[in-house]
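See below for the structure under consideration.
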Amino acid sequence: MIRPEAHTVSESLKNWILQLPEVVEAPHRFGGTQFQVNRLEFMHFHGDTFLDIRLSKEYQATVLKQGTAIPHRFAPQAGWVSFRIENAEDVERAKNVIQMAYANARSRVVRKEQNV
């Protein structure tokens, strides 16, 4: 059962994500909400407590080894990890992983623009 405060926590986290430069919110193709930088998705929510986050392979290996995130069930080969928010303390850890994903997405956008 989802605790009522979970919705408040997820809304606060979504607002924080939207404060990152050039980030926009969009519907995710499998339901939920995704966040993009220049149309490149770097993470999405499934409900209020489950996040899928795309990292570089290096960051993915680090957070999995540390136990900060869990392997993504469908696309781990693409750098995706999953993160479950179980309490308010998890939000700061989630922000750290999201920052990694955001930086990775920004660098991918920059590399793509340089190759045009």
Ignoring hydrogens, what is the shortest heavy-atom contact between [X] and [Y]? Give both atom names and the distance.
X    : Y   : result
Y102 : P21 : OH-O, 2.7 Å
D52  : W80 : O-CZ3, 3.5 Å
F50  : R84 : CD1-NH2, 3.3 Å
L13  : A94 : CD2-CB, 4.3 Å
A69  : L64 : O-CD2, 3.6 Å
F83  : D90 : CZ-O, 3.5 Å

Pairwise distance NZ(K95) to CE(M100) - rounded to 0.5 angstrom: 14.5 Å
Any R54 side-chain heavy atom under 4.5 Å of H72 side chain: no
Donor-acceptor contact present, side-chain N15 to main-chain E11, <3.5 Å: yes
Stepwise side-chain contact (heavy atoms from CB on, under 4.5 Å) check, N104 with F42: CA-CA 8 Å; N104 180 55; F42 65 94; over 6 Å; no
Qualifying salt bridge (charged side-chain N to carboxylate O under 4.0 Å, His left out) pairs, either residue in residues 96-105, two or more places apart: none
Could you pull out all donor-acceptor pairs under 3.5 Å where a side-chain atom in residues 23-32 meets a protein atom, sequence neighbours excluded?
unit_1 : atom_1 : unit_2 : atom_2 : d
H28    : ND1    : F30    : N      : 3.1
H28    : NE2    : E41    : OE2    : 3.4
H28    : NE2    : H44    : ND1    : 3.2

hydrophobic_cluster_shared for I70 and I85, side chain cutoff 4.5 Å: no
M43: partners by side chain to side chain contact (heavy atoms under 4.5 Å, CB included), with sequence neighbours left out: I17, F35, F45, L51, I53, I98
